[in-house]
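To start, the structure itself, in structure tokens.
Every number for a ligand or one of its atoms is a count from 1 in the order of the listing.
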Amino acid sequence: MNAKLIDGKAISAKKREEIRQKSELFEKETGRKICLAVVLIGNDPASEVYVRNKIRGCEATNIKSLSYTLPATITQAQAEEVVRALAVDDAVDGILVQLPLPAGLNETKILNLIPPEKDVDGFHPVNVGNLVLGKESTVACTPMGVMTMLHEYGVEISGKNAVVIGRSNIVGKPMALLLLRENATVTVCHSKTKNLKEICKNADILVAAIGRPAFVTADMVKEGAVVIDVGINRVDGKLKGDVDFEKVGEKASYITPVPGGVGPMTITTLLENTYLCGVKRYRAKKR
Ligand code: NAP
């Protein structure tokens, strides 16, 4: 493989150590730990793994975690009540409601009860709006983690052609806005895009967030491109990305592996967002 690996695990370990040190200083100064409340509704196995990893991440970074595990049979009103209580709890700095929610629960209504200043996932319309406006906001963890990876490896963004495949609210759209904020010329592609291959071949930075294994093939990639694979697909019990890693790795200058690329950065960015929410709330109260 010619491409250099962008090692999400290594960046993640470095960032977690930084967060741990900062959150210890916060505890010394304030006499309390930064606190994240994690709400899991139902027993989706993948969600249980994600929540466990998030709680472990909190332990590793001196962040207190409060875990709320609720049955899938909970009513909308009961779920809303849990989030409302956390929203007004002064000891809670961040609230995370693990998605997807069981069928029958209104996700938007529940998520919008998380106040923007405790919205560690960056999903609240106020945070999304501020991102669009180019103002300070908490940004969705996965695209923010991708930006950290690009920065850590010194990838030039300004003036480059960036192509994002995928336009979801949690990955594709915020990814495009973050690249635009750093002066890339951004194209967003989706399932209705025509000439996808030609558009991708023009990318200096190509981000794949589709959810289809090995969708991005070598003939779609420009020689020397930086390729970021956000995809997580389970194939024969193994995790595979959206990029044909081996073949694209022959053409790209940098590439992220799956697993060990974007995945670890997502949780680390959640921890960073939680830390920042805690600090901002503390400063706002002191004023
Ligand atoms: P999503 O909501 O399903 O969005 C997928 C996007 O891909 C959509 O915008 C869709 O277009 C587009 N798409 C589908 N088929 C396409 C095609 N043939 N050509 C071009 N575009 C196509 O998924 P998501 O939540 O953004 O997640 C994307 C992938 O990233 C998944 O594998 C997910 O598991 C993974 N993920 C990873 C992390 C991580 O931490 N590494 C975090 C979040 C997600 P339309 O809008 O037209 O339907």
Side-chain angles (χ1 to χ4, degrees), residues 5-12 15-16 44-54 56-57 96-101 107-108 111 120-123 128 131 139-150 162-179 186-203 206-217 219-221 227-245 248 255-273:
L5 267 195
I6 298 186
D7 186 343
K9 263 192 186 165
I11 305 170
S12 192
K15 292 283 166 197
R16 282 185 190 206
D44 173 58
S47 293
E48 284 172 350
V49 173
Y50 285 133
V51 163
R52 207 176 313 135
N53 288 339
K54 287 168 186 177
R56 280 197 195 130
L96 180 152
V97 176
Q98 184 64 42
L99 301 180
L101 295 179
E107 184 178 298
T108 308
L111 290 185
V120 287
D121 267 329
F123 294 162
V128 176
L131 174 64
V139 181
C141 301
T142 302
M144 199 65 194
V146 169
M147 295 310 285
T148 305
M149 295 173 108
L150 296 174
V163 172
V164 179
I165 319 176
R167 56 172 165 180
S168 70
N169 290 334
I170 62 168
V171 188
K173 280 183 202 157
M175 186 75 252
L177 288 163
L178 287 170
L179 288 162
V186 184
T187 308
V188 183
C189 301
H190 46 77
S191 66
K192 306 289 183 294
T193 298
K194 296 209 163 56
N195 304 324
L196 183 68
K197 182 169 145 185
E198 283 65 35
I199 296 169
C200 290
K201 276 195 97 157
N202 196 30
L206 179 62
V207 181
I210 312 151
R212 294 187 174 210
F215 181 91
V216 175
T217 48
D219 60 340
M220 295 166 75
V221 176
V227 179
I228 305 291
D229 191 350
V230 179
I232 299 180
N233 308 287
R234 217 164 262 285
V235 181
D236 301 329
K238 286 191 180 155
L239 290 188
K240 295 273 177 207
D242 286 345
V243 175
D244 181 352
F245 181 76
V248 170
I255 192 166
T256 60
V258 177
V262 176
M265 289 308 297
T266 296
I267 298 190
T268 297
T269 308
L270 169 80
L271 301 168
E272 175 77 13
N273 281 354

Check whether any side-chain heavy atom of Leu96 sits under 4.5 Å from a side-chain heavy atom of Tyr50, and report yes or no. no
Got Thr142 and Thr269 here, is their nearest side-chain heavy-atom distance under 4.5 Å? no
Amino acids in close contact with ligand 1, where any non-hydrogen atom sits under 4.0 angstrom away: Thr142, Ile165, Gly166, Arg167, Ser168, Ile170, Val171, His190, Ser191, Ala209, Ile210, Gly211, Arg212, Phe215, Val230, Gly231, Ile232, Asn233, Val262, Gly263, Thr266
Hey, are the side chains of Leu177 and Val186 touching, using non-hydrogen atoms and a 4.5 Å cut-off? no
Just how far is it from atom CG of Asn53 to atom CD1 of Ile267, taken to the nearest 0.5 Å? 4.5 Å
Interatomic distance, OG1@Thr268 vs CG@Asn273, rounded to 0.5 Å, equals 11.0 Å
Enter the distance from Phe215:CZ to Ile210:CD1 here, rounded to the nearest 0.5 Å. 5.0 Å
